[in-house]
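Working notes, structure below.
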Amino acid sequence: MIQVTAPASKSFSHRYLIAAALANGTSIISNVLDADDTAKTREILSQAGAVFTELEDTPGGWRVEGTGGRLCGGTPDEPLSCYVHESGTTCRLLSAVLASGRGSFRIHGAPRMHERPIGALTSALASLGCKITWEGKEGYPPFVMESTGLSIESLPFVPHTGPHTLAISMAESSQYFSGLLLASPQFAGGIPTLTLTGEKVVSWPYIGLTLQCMADFGIKFVVETREDTSDSADWSMVNWRTLRHAEPGCVRIKIQPGAYHAGKFYVEGDWSGASYLVAAGTLGTERAIVRGLRADSLQGDKALLSLLEQMGASLTFVRNDISIVPRPLHGIDCDMSQCPDLVPTVAVLAAFADGTTNITNVAHLRLKESDRIKAPADSLRRIGVRVEEHEDGMTIHGLGSQARITLDGVHLATNNDHRMAMSQALFALRATDAGPCDIHRLMDDASVVSKSFPGFWHIFEAFADD
């Protein structure tokens, strides 16, 4: 039997570090993910005034002396350099949070980061009083923000929604909405209301993680929904913890202004990182247990369990552990708009399933660290899988549940994308000439996993045959 432990949640690590930096007083956060992305968030918050001290006697432990909401930038002549590297989460969340502070902030990153849009968020920040100056292409980093704090006083009265309403689209990313939510308790001018606009909503479960973080740090808010956008539709308060999906114009969140409260917090296990371990157990030859995951987690990538069960996998949840017994898989049709980070993983699982798998409603994946529709499709074609790309997804014709492959001469391109590296690692479970201990040597840059799961290759070796 194979036993492995999930890494700490990257999503919660980002959010808890931000909330602690905004809080009054000192917080203790344990089990924070030690990865490139979370390090960038911590470094920028430190430059803006928060004080982080690593706790040597606590795994993933940090003492955070908060700023009381007074994050500080530089001057217009010398803005604070906020280098996000390739972390979209850091870029989007901190753009909003830093704008709620004071001073000038230059948001910039690696070349790929400068190809990823942020215009919807910066337009919202401009409507709240922040001045945005683009250094290159409008709507994309790098850019400079100058702020004296954000105010809702200039926001219009929106019929059937109310005064001080800020509407923003989540068609490109949920991180725009999450960033504004994290910053909203500091908005001046009254009680802000955030609502969704646009044609569709992607990755809604990440909003639940943001709300959970805010609630944990003492922020008060109310979430309301309505059946449709007609004038006669009434708003009703809902339990945000059970809200799994949202439609544009049908969700609004009213946030009570106030300070984040310092405290002691623990970062739960990461369903995104664990997805590769659960998938490995599914494709392997013996029972595997993945430890350290909450069954009641709000993380959207917990959807992997449902997807795998639909494909025929045998999974059992006992306390905080998942037990996986390998079984033949079959293809399914799946709308993955609410769990897009799982697409590269599900694509590999589909390659070793009987029949055809259709993945839909993930057009925004083309804007990630790599084009996460094209990159997985190209990867599967290299091992002999027939794949058809679509604007919003792909169709995968499985090799069969008993299929084996050879990787001799196959180029495993990571596309500088951590999720591409970890998903292609799963090939090792069905390869005749490469195993979990050595498949990383076939990749052009296996070190890219440090972005979200630095210990991945060491843990993945547990799936090697004895």
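What's counted below: heavy atoms across the whole structure, side chains too, no hydrogens, waters or symmetry copies.
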side-chain hydrogen bond (donor to acceptor under 3.5 Å, both in side chains) evaluation trace for Glu247 with His245: CA-CA 7 Å; Glu247 293 293 337; His245 183 67; 2.8 Å; yes
Thr26/Glu65 under side-chain hydrogen bond (donor to acceptor under 3.5 Å, both in side chains): CA gap, chis, key distance, verdict: CA-CA 4 Å; Thr26 300; Glu65 297 174 37; 5.2 Å; no
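Using a 4.0 Å cut-off between charged nitrogen and carboxylate oxygen, Asp270 and Lys10 do not count as a salt-bridge pair. Asp234 and Arg226 are not joined by a salt bridge, as no carboxylate oxygen comes within less than 4.0 angstrom of a charged side-chain nitrogen. A salt bridge is absent between Lys368 and Asp417: the closest approach of a Lys/Arg side-chain nitrogen to an acidic carboxylate oxygen does not fall below 4.0 angstrom. Under 4.0 Å is where a charged nitrogen must lie from a carboxylate oxygen, and between Asp37 and Lys40 no such pair does. With respect to the salt-bridge test (charged N to carboxylate O, under 4.0 angstrom), the residues Glu369 and Lys451 qualify.
For residues 50-72, there are no ring-ring contact (aromatic ring centres under 6.0 Å, His included) pairs, not counting sequence neighbours. For residues 93-117, the ring-ring contact (aromatic ring centres under 6.0 Å, His included) pairs, not counting sequence neighbours, are Tyr83-His108.
The side-chain heavy atoms of Leu71 and Val97, taken from C-beta on, include a pair separated by under 4.5 Å. Asp378 places a side-chain heavy atom less than 4.5 Å from the side chain of Glu389.
Taking a 6.0 Å sphere around NZ of Lys374, one finds it holds 12 or fewer heavy atoms contributed by other residues, nucleotides or ligands.
No side-chain donor from either of Asp77 and Thr75 sits under 3.5 Å from a side-chain acceptor of the other.
Both tests pass for Arg252 against the ring of Trp235: distance under 6.0 Å to the centre and angle within 45° of the axis.
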